[in-house]
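Report on one structure; see the data block that follows.
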2 protein chains.
Amino acid sequence: MQPVGSPTPSESRSDDLAAWGSVRDRLRERGLRWTPQRRALVAVLSQTRGHVTGADLVERCREQDPSTIPSTVYRTLDVLEELGIVRHGHGPDGREEYHVLPDAEHGHLHCRGCGAAWEITADEGASIVATLEAARGFAVDLSHVTIVGRCRACR
Amino acid sequence: MQPVGSPTPSESRSDDLAAWGSVRDRLRERGLRWTPQRRALVAVLSQTRGHVTGADLVERCREQDPSTIPSTVYRTLDVLEELGIVRHGHGPDGREEYHVLPDAEHGHLHCRGCGAAWEITADEGASIVATLEAARGFAVDLSHVTIVGRCRACR
DNA sequence: GCCGTTATTGCAACTCATTGCAGCAAGACC
DNA sequence: GGTCTTGCTGCAATGAGTTGCAATAACGGC
Ligand SMILES: [Mn+2]
Ligand SMILES: [Mn+2]
Ligand SMILES: [Zn+2]
Ligand SMILES: [Zn+2]
């Protein structure tokens, strides 16, 4: 039940290291290429845990290499998402938000009043998922779900 | 359980007419002004039922008056939303989608496979709303909810 | 190490939306 | 109808993201 913090750099755990280390091979298995631009983004991502906007990632890549091109970053993010390495959702304003190596699938809750954000745990999400599954046979992508409203404090 | 169609012009029902007719007064009660630009957008909206993107509305205003300025339209939409005359959500890509005179509060469901969309009725939404209300005292804005996933046919 | 295939990049143009600001004009008051 | 106040508009710049296309460069094969 913890508020979602801003993206925090953090030391990698060993399994995270493994995850990042395997990206190169996961790409090449699919006939995709391991380019300097992709290396750069993966380096930035491996220093990130939690939630970041696409624009943030572009900026962080630029800090490392000012010649970074936004479209390349966004396209690489698409590729990494296909590999399941990141997932994206949208903030209350529709802007992209990436989850980096999420510990568990989760959605997001945003308060319009104070701007605070929380994760919707798989547990809480289960009720949403189950409802739509039962009623319509619809498979909800929980990690893309953002729910906006007012938190207890702001009501 | 009907798929959400594209925005369809339709004759106004009498209570809708009343709703649009009262906009001018609702604005002026609040010290706001009834300008030609607002008249134009309201005229377009009154010919619309269901769901439209912000960009669509800009374009339709432009058809009537090519000198229409996008920022004015978006700002007017904000005002109308404060009056409760329209409500917006976001499509799967984060773009704005307006509900015009919705019969009832509802959310949206989008299939990534076929692109079809459905409304989440207040009824179905109740389970989502109740869960977050009970667990966190969070008041969900159902009309801003968009859930993405795969529909029965696409699985 | 060179070559060819083709995935990827850089770039420019474009879409959708938001914002600051100076000038304009609704509409209340007389 | 004239005047004043202040809410709105037009405009230009900006931010976030996407797309088409020609040139580039991974990397598998030799
Ligand atoms: Mn929104
Ligand atoms: Mn999305
Ligand atoms: Zn709050
Ligand atoms: Zn479908």
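So you know, we letter chains A, B, ... as the sequences are listed, proteins then strands, and number each from 1.
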Output a table of nitrogen or oxygen pairs between the protein and nucleotides 24-30 of chain C separated by less than 3.5 Å.
residue, atom, partner, partner atom, Å
dA26(C), N3, R33(B), NH1, 3.1
dG27(C), OP1, W34(B), N, 2.7
dA28(C), OP1, R28(B), NH2, 3.3

Inset, instruction - Using whole Å, report how far CG of L57(A) lies from C1' of dG17(D). - result: 13 Å
Inset, instruction - Check V44(A) against Q64(A) and note the closest heavy-atom contact, atom names and distance. - result: CG2-CG, 4.3 Å
Legend entry - Over all atoms of both residues, closest heavy-atom pair of I85(A) and R26(A): CG1-NH2, 3.6 Å
Inset, instruction - Check each residue of residues 87-98 of chain B for a non-hydrogen atom within less than 4.0 Å of any atom in DNA chain D, then write out the ones that pass by number, or none. - result: none
Legend entry - Geometric class of the H51(A)/H108(A) ring pair [parallel <30°, tilted 30-60°, perpendicular >60°]: perpendicular
Inset, instruction - Identify the two heavy atoms, one from F138(A) and one from H110(B), that lie closest to each other, and give their separation to 0.1 Å. - result: CZ-O, 3.3 Å
Inset, instruction - Would you please indicate yes or no on a ring centroid separation below 6.0 angstrom for H88(A) and H144(A)? - result: yes
Inset, instruction - Figure out the CD/C1' separation between E29(A) and dA26(D), and round it to whole Å. - result: 17 Å
Inset, instruction - Answer yes or no: does a side-chain N or O of Q37(B) lie under 4.0 Å from OP1 or OP2 of dG10(D)? - result: yes
Legend entry - Interatomic distance where CZ belongs to R62(A) and P belongs to dG15(D) [whole Å]: 11 Å
Inset, instruction - Applying side chain to side chain contact (heavy atoms under 4.5 Å, CB included) between Y98(A) and each of L80(A), V86(A), D56(A), report the one that passes. - result: V86(A)
Legend entry - Any side-chain donor near an acceptor of the partner, D141(B) and S143(B), under 3.5 Å: yes
Legend entry - Shortest non-hydrogen contact from P92(B) toward T146(B): N-CG2, 4.5 Å
Legend entry - Test applied, side chain to side chain contact (heavy atoms under 4.5 Å, CB included); reference residue, C61(B); option that passes from T76(B), T68(B), L45(B): T68(B)
Legend entry - Distance-minimising heavy-atom pair for A122(B) and L142(B): CA-CD2, 3.9 Å
Legend entry - Euclidean distance, atom CD of residue E59(A) to atom P of dA16(D) [Å, nearest integer]: 9 Å
Inset, instruction - Compute whether any side-chain donor of one residue and acceptor of the other, for T48(A) and R60(A), lie under 3.5 angstrom apart. - result: yes
Legend entry - Within residues 67-85 of chain B: residues closer than 4.0 Å to DNA chain D (heavy atoms): I69(B), S71(B), T72(B), R75(B)
Legend entry - Separation of atom CG in D65(A) from atom P in dT9(C), rounded to whole Å: 13 Å
